[in-house]
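Report on the structure given below.
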There are 2 protein chains.
Amino acid sequence: MSEKVTIYDIAEKLNITAATVSRALNNNPKIKEATRELVIKTAAAMNYKQNKLALALKSGRSNNIGVIVPRIDSNFFASVIRGIEEELYPHGYQVIICQTHESIKRENENLHTLVDAQVDGIMMSVTGVSNENDSAFRNVLEKNVPLIFFDRSKHIDGVSSVTINDFKGGYLATKHLIDEGCRNIAHFSGDQSLDIFKNRFLGYKQALLDNGIEFKEEYVIYTKSAVDAGKESVDKLLQLETPPDALFSSSDFAALGAIQELKERNISIPNEFCVAGFSNEPFTKFMELSITSVDQSPLEMGKMSARVFLEQVDKTDTIKIEKKVVLAPELHIRKSSAKTNF
Amino acid sequence: MSEKVTIYDIAEKLNITAATVSRALNNNPKIKEATRELVIKTAAAMNYKQNKLALALKSGRSNNIGVIVPRIDSNFFASVIRGIEEELYPHGYQVIICQTHESIKRENENLHTLVDAQVDGIMMSVTGVSNENDSAFRNVLEKNVPLIFFDRSKHIDGVSSVTINDFKGGYLATKHLIDEGCRNIAHFSGDQSLDIFKNRFLGYKQALLDNGIEFKEEYVIYTKSAVDAGKESVDKLLQLETPPDALFSSSDFAALGAIQELKERNISIPNEFCVAGFSNEPFTKFMELSITSVDQSPLEMGKMSARVFLEQVDKTDTIKIEKKVVLAPELHIRKSSAKTNF
DNA sequence: TACTTTCGTGTAATCGATTACATAATTTTA
DNA sequence: TAAAATTATGTAATCGATTACACGAAAGTA
């Protein structure tokens, strides 16, 4: 029905050329004021809409940015995306979502697809199990597409990142458990090819060290971020000759599983056993036995990633800016670990 | 660094024209087999990538589809988007995300932006407070862009929809509460300009009617989908001369708020008071006092929306197909309402 | 051999907007 | 008033791919 109106249609109607129309609409200073007004009025009257695809082809900029996450249906990633979208919306960028489902193959596919679609930038949380094949990332950078890692980062030249201080997060949580009087503190970690898990682990270790508590290898379990995995893992811990009296889990879901299992065994939380998680998922606050957790301020992380992108996108591409933003984690102390204050 | 390779570069290298290259790459049957192979091999060797923007401009199809939701950081919407993305990924579509934050203005802006960006289709959950100004929707349809509503729908000619049977969901939840012996059942509803809330409400009413229970206006509270709103609302209910003994809430969050408030007042759940929510948010299952809730199968809803889009996108645009898919809700009975079986 | 088909490829327009360069129109300066 | 400077607009190329049409060459037919 609605035939598309182009600048040529406007030009024809006004007996001028498309070039003049284009200049008028773009506020080119060389255009006579009267002409500009006439063109703008006519364009509005004809319901002209700029063809973004033509513009994109000509300029090489699509006004789209790509976001790659392991999955979107997690509160953390969804919140980051929300932050990105809100920050970029006023600048006219659209956000394209891709999921990797923790597959390297999908991650590489997504990177290529986004580059092919000529997005103006890519923000992503990398997938673990790195085969150390950085070619897909290099390809992005060679095309001069700004690449920004958030949360899950990797050391690649030319890539900016926005992360939280996972070491500090791990340290804070562990220190808190120590302050509550726990001395046998277990740890659930995750995929060691991801820095976030390594750093939380290191923070945990350091807190033990700083407080004169011996680190025990058997207290560390590498587990998936899932409720069932948490149940199974705490099960193993309780079979040790000296079972732990506290747990710092790198995952809220695994922490929840642990709590469920402990309750079934009638182990009293926090009196006999303290638990702290990581991510501050909404449910940690909602539970009757609310769960202590480290907040990663995902909304802020998303906004910050977007800002870093905006800084980079207009810079001359000869100078490679590499910005590393590290946000501060915040420990939310709740019933699962607070023997005293609740 | 990496200069972009076009079909002209390939043509030049092989001393043929770009037209031939294009045809060879597109498996045009008029091309000699030898030429085709040579072109394909050369293209690969030169690391040729088709410029999607040029293709999009020529064809008028961007291979992007737009998704508009009130907000992305809700498990329900994120899951729907996940479903859409997974279903569309194999077909080469990219998903662009927009948020309305329940603002009509933003909704209209998003619709226009997406149409301007020439997406090949739009899937959305409408925002309430309809000023009955359908012009933004009409504009989409006039541009022959398939428009599909999911979950929150509106009656507009030419728009397909994928929803759940909210009436049935409301009926099931209410009937279940009746079966548990409750006779004074309150209801939290929402924005009455949204069909989902009206229909859940109607299902609630019908269940009462079918079981000989008088409907009482004062048992219905229109509340936001938030924990605090739930607390306040249940507070009002308890001040009635005959306070209810059960609640069917159209929102899990409000249901949670109600439960928190009831507990503070030492009202025993489910013995003295039964609660059922709607949406089956993850936390409803995680709580120690798990919350009965109606599941909307968001993943399936997303996939189904994508399928409806795929059906429509290739049809000749002379025939307007309008498909209405209604998914079945599923009641998950949990501790907050099960007096007997838990 | 001459004439039609068929096949493979080239030519050039097209999608819609931007922009370097050229040129016409107007104003300024001498 | 004529030349110079300025201003506004037109011309045409460009971004990269697709495709209707044209055309030469090869193959088939009489």
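A, B, ... follow the sequence lines: proteins, then strands. Residue 1 opens every chain.
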Given [options], the nucleotide with the shortest approach to the side chain of [X]:
{"X": "B/Ile7", "options": "D/dT18, D/dG16, C/dT19", "answer": "D/dT18"}
{"X": "B/Lys58", "options": "C/dG8, D/dA17, D/dC15", "answer": "D/dA17"}
{"X": "B/Thr35", "options": "C/dG16, C/dT9, D/dA17", "answer": "C/dT9"}
{"X": "A/Arg23", "options": "D/dG16, C/dT11, C/dT19", "answer": "C/dT19"}
{"X": "B/Ala19", "options": "C/dA12, D/dA17, C/dG16", "answer": "C/dA12"}

Can you check the B/Gln118 CD to C/dG16 C1' distance for me, whole Å?
->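 After rounding, the reported distance stands at 9 Å.
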
Whole angstrom value for the distance that separates P of D/dA26 from NZ of B/Lys30 =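 Taking NZ of B/Lys30 and P of D/dA26, I get 18 Å after rounding.
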
Taking any heavy-atom pair under 4.0 Å as a contact, classify [X]: base, sugar-phosphate, or nothing.
{"X": "B/Lys49", "result": "sugar-phosphate"}
{"X": "B/Leu55", "result": "sugar-phosphate"}
{"X": "A/Asn26", "result": "sugar-phosphate"}
{"X": "B/Ser59", "result": "nothing"}
{"X": "B/Thr17", "result": "base"}
{"X": "B/Leu53", "result": "nothing"}

B/Thr100 side chain near B/Val69 side chain, heavy-atom distance below 4.5 Å |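 The answer is no; the side chains never approach within 4.5 Å.
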
A/Tyr89 six-ring centre to B/Arg106 NZ/CZ under 6.0 Å and within 45° of normal |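 Yes; both conditions hold, so B/Arg106 lies above the ring face of A/Tyr89.
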
Does any N or O donor sit under 3.5 Å from an N or O acceptor when you compare the side chain of B/Arg36 with the base of C/dG8?
->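 A donor-acceptor contact between them is absent.
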
Cut-off 3.5 Å, side chains only: do B/Thr163 and B/Ser153 have a donor facing an acceptor?
->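 Looking only at side-chain atoms, B/Ser153 and B/Thr163 do not form any donor-acceptor pair under 3.5 Å.
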
D/dG16 phosphate, OP1 or OP2: any side-chain N/O from B/Ser22 under 4.0 angstrom?
->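 Checking B/Ser22 against D/dG16: no side-chain N or O falls below 4.0 Å of OP1 or OP2.
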
Hey, is the side chain of B/Gln50 poking within less than 4.0 Å of OP1 or OP2 on D/dT18, counting only N and O atoms?
->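 Yes, within the criterion.
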
B/Phe150/B/Phe76 aromatic ring centres below 6.0 Å |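 Not close enough - the centres of the two rings lie 6.0 Å or further apart.
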
